Amino acid sequence: VVTYTAMLSAYAKKGHLEDARRIFEKMPQTNGFTWSSMVTAYTTHGVIDQAKLLCENTPASNVVTWTTLFQAYAHNGHLELAKLTFDRMAGIGRDIASWNAMFQMYADHGHSGMLQEIFQRIPCWNVVTWTAMIVVNAQDGGLDSAQRLFDGSVERNVITWTAMMVAYSQNLRPEEAYSVFEKMPHRNLYSWNTALTVYAQNGDLSLAKDAFDSMPEHDVVSTNAMIAAFFAGGESLAAQEIFDSSPAINSVSWSAMISGYAQNAQLELANRTFHRIPRKDVLAWSTIIAANAHSGHCAAAIAFFQSMMLAGETPD
RNA sequence: GCAAAGCAAUCGGUUG
């Protein structure tokens, strides 16, 4: 059962929803993990109706399947459906993750009144709750309360530390953000990428470069962050070198190159880069339109918009 | 107990 369930998840993560479903159908036995994996497969592919069916029509559905469904509604802005789902969970019970998801929904979409109400109803806190609280407070300008929450937190992990670093950076306290990074007991790729971004946002290109070189490994986010950092420092050539030598680039990389060139008054290079993109998505089009518009080439921007329509792309 | 599922932190364009 474990092996089949792991395969199911793997197929779903790679985008093969049908294969995941086929495995699910073939399994002689299942457990709660199997069902929640299948529900997650559906929600991550946007097939919420199927996820709902699985939750409703089986005794095997559990707090995880329901929380997953809840989260899917919340992320799609269906707050009423999400709330209904949460209410229906009263029978099987809610755990900390369910409450955290509920808190996050109102942090993302709701009013502070609802958030406050949930805050008071959360029965107990775990490290995710602490971290979410820190983030919400910091975004609200309550840097002091964020720090107090951090100091008072019973549990902290690398995500909590990284969130605290971001909190200082967002509130324009770069030195303290740096200091948090230096004091972190453990770092991962994500926190390294965050540090690199924080350095760059504060104009410390050399610190950003140092971070990039010191990191134990890079991913596409590291690459993209470093590209943006070089462009922000006016070093288009260095940005281009990173781009050209990177083993993995994605659509964000292309956008970063285009807007970087435009920022540096190199619209010609921006346009040329755009034409090299193998598969132009909405992001690519939006970026090239904005690049031309910001450079004062409004006619070209409109022309790109029209080309986008002709290419069958839908504006977002 | 271990391994497979849901909740919190990082990169680009649009809006602020």
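Order of the sequence lines fixes the chain letters, A, B, ..., with proteins taken first and strands second; residue numbering starts at 1 for each chain. If you're wondering where the values come from, they're calculated on a predicted model, not measured in any experiment.
The distance from atom CD1 of A:I118 to atom P of B:C7 is 18 Å, rounded to the nearest whole Å. At whole-Å resolution of the value, CH2 in A:W35 and P in B:G6 are 18 Å apart. Taking atom CH2 of A:W99 as the reference point, atom P of B:C7 lies 18 Å away to the nearest angstrom. Counting to the nearest Å, the C1' atom of B:A8 and the CZ atom of A:F103 are 10 Å from each other. Rounded to a whole Å, the CD1 atom of A:I159 is 9 Å from the P atom of B:A8. We find that CG of A:N62 is positioned 8 Å from C1' of B:A5, with the value rounded to whole Å. In this structure, the CE atom of A:M27 is 13 Å from the P atom of B:A5, given to the nearest Å. One interatomic measurement links the two molecules: NE2 of A:H109 to C1' of B:C7, which rounds to 14 Å at whole-angstrom precision.
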Going by atom type alone, with no hydrogens or angles, which donor-acceptor pairs under 3.5 Å involve a side-chain atom of residues 229-247 of chain A and a protein atom two or more places apart or on another chain?
from	atom 1	to	atom 2	distance (Å)
A:S236	OG	A:Q266	OE1	2.6
A:Q240	OE1	A:Y261	OH	3.3
A:S245	OG	A:E241	O	2.8
A:S245	OG	A:I242	O	3.4
A:S246	OG	A:A248	N	3.3
A:S246	OG	A:A248	O	2.9

Side-chain donor-acceptor pairs of residues 206-220 of chain A under 3.5 Å, sequence neighbours excluded:
from	atom 1	to	atom 2	distance (Å)
A:S214	OG	A:D210	O	2.5
A:H218	NE2	A:F212	O	2.6
A:D219	OD1	A:N193	ND2	3.2
A:D219	OD1	A:V221	N	3.0
A:D219	OD1	A:S222	N	3.0
A:D219	OD1	A:S222	OG	2.9

Show me the donor-acceptor pairs within less than 3.5 Å that the side chains of residues 73-85 of chain A make with the rest of the protein, sequence neighbours left out.
from	atom 1	to	atom 2	distance (Å)
A:N76	ND2	A:A72	O	2.7
A:E80	OE2	A:K83	NZ	3.4
A:T85	OG1	A:L81	O	2.8

Taking only Watson-Crick and G-U wobble pairs with both distances under 3.5 Å, what dot-bracket line describes RNA chain B, where [ ] shows pairs that cross earlier ones and | shows pairs with another strand?
................

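Within a heavy-atom distance below 4.0 Å of RNA chain B, the residues of residues 211-231 of chain A found are A:V221, A:N224, A:A225. Near RNA chain B, defined here as any heavy-atom distance below 4.0 Å, the residues from residues 306-316 of chain A are A:D316, listed numerically.
Two rings, from A:W99 and A:F86, have their centers less than 6.0 Å apart. Aromatic rings from A:Y106 and A:F119 are positioned such that their centres are separated by 6.0 Å or more. Here A:W161 and A:F181 keep their ring centres 6.0 angstrom or further from each other.
Among the protein residues, A:N188 comes within range of the nucleic acid bases, having at least one heavy atom under 4.0 Å from a base atom. Base contact: A:T67 has a heavy atom under 4.0 Å from a base atom. Heavy atoms of A:A256 sit under 4.0 angstrom from primed sugar atoms or phosphate atoms, though from no base atom. Within the nucleic acid shown, A:T131 comes within 4.0 Å of at least one base atom, counting heavy atoms only.
For residues 292-301 of chain A, the pairs satisfying side-chain hydrogen bond (donor to acceptor under 3.5 Å, both in side chains) are A:N271-A:N292, with sequence neighbours left out. Legend: side-chain hydrogen bond (donor to acceptor under 3.5 Å, both in side chains) pairs involving residues 14-27 of chain A, not counting sequence neighbours, sorted by first then second residue: A:D19-A:R22, A:R21-A:E25, A:R21-A:Y42.
When each of B:G6, B:A9, B:C11 is scored by its nearest atom to the side-chain atoms of A:A163, the top-ranked nucleotide is B:A9. Relative to the side chain of A:V135, the nucleotides B:A8, B:G6, B:C7 differ in distance, and B:A8 lies closest. You'll find that the side chain of A:T197 is closest to B:C11, out of B:U14, B:A8, B:C11. Set against B:U14, B:A8, B:G13, the side chain of A:H294 has B:U14 as its closest nucleotide.
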For nucleotides 2-4 of chain B, tabulate all protein N/O to nucleotide N/O atom pairs closer than 3.5 Å, reporting atom names and distance.
from	atom 1	to	atom 2	distance (Å)
B:A4	N1	A:N31	ND2	3.0

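Hydrophobic clustering, defined by side-chain heavy atoms of Ile, Leu, Val, Met, Phe, Trp and Tyr closer than 4.5 Å, groups A:V128 together with A:V127.
Between the side chains of A:T67 and A:S98, at least one donor-acceptor pair of N or O atoms lies under 3.5 Å. Using a 3.5 Å distance cut-off with no hydrogens or angles, the side chains of A:N250 and A:N224 do pair a donor with an acceptor.
Contact check, A:H75 against B:C7: no side-chain N or O comes under 4.0 Å of OP1 or OP2. Proximity of A:Q104 to the phosphate of B:C7: no side-chain N or O atom is located under 4.0 Å from OP1 or OP2.
For A:Y168, there are no ring pair (Phe, Tyr, Trp, His ring centres under 6.0 Å) partners, not counting sequence neighbours. For A:K52, the side-chain hydrogen bond (donor to acceptor under 3.5 Å, both in side chains) partners at least two apart in sequence or on another chain are A:E56.
Here the rule is side-chain contact (heavy atoms from CB on, under 4.5 Å) with A:M38, and of A:T5, A:L17, A:I23 only A:L17 fits it.
Using cut-offs of 30° and 60° on the angle between ring planes, the pair A:F304 and A:H275 is tilted.
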